[in-house]
Amino acid sequence: MHAQAQSGLAAPGMGVKGLLKALSDIQHDACASDYRGLRMGIDASCFLHRGVHGCGEALLDGQEGDAPLFGPLLEVCRALRAAGVEPLAVFDGGRLGAKRGVHALRQLKREDNTAVPGCVGQRICAV
């Protein structure tokens with residue numbers, strides 16, 4: 001049984017709830033080249049998370065190599081550099097108290113996914 005069903009909570013989203021809406025009045029469409037000559041912070045954890053989903057089975061099988069894991073992060077860094085922007089990879093800090101419930105639900109899902117024998121791939125990526 002999935003943790004969501006066990007806990008009765010909705011599936012958690014990434015990030016801080018309502019942040020984009022709160023910043024909507026200062027957002028605008030832009031190209032990376034608009035920031036040529038500047039340094040741009042990128043959410044490294046987000047891109048590493050994408051890499052884990054792309055090579056989850058290989059990681060679980062203990063296969064050597066880290067290219068698939070770092071692929072998405074390296075791709076965005078290459079694209080920014082090609083546009084003349086210097087990427088600065090930023091990793092998440094400590095846990096936010098406001099997301100305590102989200103973290104608890106994620107932990108339940110991790111435990112649920114690891115408790116199923118032979119469960120690799122689709123369910124492991126649901127974390």
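With sequence neighbours excluded, no residue satisfies side chain to side chain contact (heavy atoms under 4.5 Å, CB included) with Ala22. Residues forming a salt bridge (Lys or Arg N to Asp or Glu O under 4.0 Å) with Arg36 (at least two apart in sequence, or on another chain): none. Partners of Leu23 by side chain to side chain contact (heavy atoms under 4.5 Å, CB included), not counting sequence neighbours, listed by chain and number: Leu19, Ile26, Gln27.
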Can I get a per-line list of side-chain donor-acceptor pairs under 3.5 Å for residues 72-80, giving both atom names and the distance, sequence neighbours left out?
none

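In the hydrophobic clustering of ILVMFWY residues, with side-chain heavy atoms under 4.5 Å counting as a link, Leu88 and Leu38 come out apart.
Separation of atoms CD (Glu86) and CE (Met40) is listed at 11.5 Å; rounding is to 0.5 Å.
What you find for Ile42 and Pro87 is that their closest heavy atoms are CD1-CB, 4.3 Å.
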